[in-house]
Every structure is written in C-alpha cells, then in structure tokens.
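Note that the numbering runs from 1 along the sequence shown for the chain. Bear in mind that the values here come from a model prediction, so they are computed numbers and not experimental data.
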Amino acid sequence: MNVLLAIADDRAIRESLRAALPETDLLLFERTVEGALRRLISIEADAMILDDAPALGVRALERLAEAAPNTPVVALSSHGDSESQATLRLAGARVCVAKPFSCQKLAAAVADVMRPAAPSRKVSAQTANGGPPSGGLALPQHQTALRW
C-alpha cells in the first residue's frame, strides 16, 4: 500500500485522482500547501501529487520539495508545452502530467515515481567491501537496532 498526498483545490481533479489510482493506495487530500505541510509532519508520504492551479503552482512545489526532499512529486500541469513542464521539473517535480490526463497515464506516472532509484556504484561498492550501508550503521549494529 502506497501513501499518496494529493494537493488539489479543484473537486474534479480530486475525483479524477480517486478514479485513476488503485484502491489499494491510501490517497490523502489537502486543498492548500499549508495543509499539506501540516500533514507531512504526521505522516510519511510515499509520493505527492500537486495540481498546478493558480493558487498553487511553482512556489507550492518548491515549498513541498523543501519540506520533504526525498518524497517524489508528480505535477499535474495545465500547460502541455515543454517550457512549462521544464519549470515544474526544475522546481522539484519528478514527473509532469499534462491536463487533461488519462487514468492510465496518471497511474503510470505514479508507478514510475514509486520505483526505487538505482543505488549509485560508490554506495554498492562500499557495502560490498564490508563498509557501512547507506544508513551509516554497520550491518551488525543495524541488526541489533532492529532486535531492540
């Protein structure tokens, strides 16, 4: 089950998201960025979906990326041109989906951002040589921490 936080003030967008995404995902809605930032204090979202509405936009995306830098963001853009999508990508969106969107396209975009990133060669080589994993703890310390 994935936890998705959707920031959209338009009811039609919220209903479209509900219809497009699997029922096994927990889909939480917020209408404002402030509400989303408060929600991010209490939950750890697997991904965020941001509607590029006039009240939200690029500044909202920058604030969300600053608050949760490791959480991927899917931006729903009302402009399909490459310049607008590049602006959203530079602001922190991992994927941009142009509106109107098909349910399959949105579901594919969310599935794409949910895939784990490939580990870098440096981290893999260090772990293979007996070094600490990416979390900073040595493997025995990590296992001990899990036991407690």
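- In this structure, K105 has no salt bridge (Lys or Arg N to Asp or Glu O under 4.0 Å) partners at least two apart in sequence or on a different chain.
- Of all the heavy atoms in A91 and A65, the pair that sits closest is O-CB, 4.0 Å.
- In this structure R14 satisfies the salt bridge (Lys or Arg N to Asp or Glu O under 4.0 Å) test with no other residue, sequence neighbours excluded.
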Derivation of the side chain to side chain contact (heavy atoms under 4.5 Å, CB included) call for I7 and T32: CA-CA 6 Å; I7 303 97; T32 63; over 6 Å; no

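- Note on M1: it clusters hydrophobically with I43, by side-chain heavy-atom contacts below 4.5 Å among ILVMFWY residues.
- A pairwise comparison of heavy atoms in A20 and L106 identifies CB-CD2, 3.8 Å as the closest pair.
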C96/R89 under side chain to side chain contact (heavy atoms under 4.5 Å, CB included): CA gap, chis, key distance, verdict: CA-CA 7 Å; C96 296; R89 297 284 306 259; 3.9 Å; yes

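- Taking NZ of K99 as the start and CD1 of I13 as the end, the distance is 4.5 Å to the nearest 0.5 Å.
- Under the salt bridge (Lys or Arg N to Asp or Glu O under 4.0 Å) criterion, no residue pair touches residues 69-78, with sequence neighbours excluded.
- Test L61, V74, V95, L76 against L88 for side-chain contact (heavy atoms from CB on, under 4.5 Å) and you get one pass: L61.
- Under the 4.5 Å side-chain heavy-atom criterion for grouping Ile, Leu, Val, Met, Phe, Trp and Tyr, L26 is connected to L40 within one hydrophobic cluster.
- L90 and V97 are assigned to two separate hydrophobic clusters, defined by single-linkage of ILVMFWY side chains at heavy-atom distances under 4.5 Å.
- A distance of 12.5 Å separates CG of D51 from CZ of R31, quoted to the nearest 0.5 Å.
- For T71, the side-chain contact (heavy atoms from CB on, under 4.5 Å) criterion is met by A45, M48, A68, not counting sequence neighbours.
- D46 contributes a side-chain N or O that, together with a main-chain N or O of V3, makes up a donor-acceptor pair within less than 3.5 Å.
- Counting only residues at least two apart or on different chains, the salt bridge (Lys or Arg N to Asp or Glu O under 4.0 Å) pairs with a member in residues 16-30 are E30-R39.
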Full working for side chain to side chain contact (heavy atoms under 4.5 Å, CB included) between F29 and L5: CA-CA 6 Å; F29 291 103; L5 177 60; over 6 Å; no

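- The salt bridge (Lys or Arg N to Asp or Glu O under 4.0 Å) analysis of residues 58-67, with sequence neighbours excluded, yields the pairs E34-R63, R59-E62.
- Rounding to the nearest 0.5 Å gives a distance of 12.0 Å between CG of L64 and CD1 of I49.
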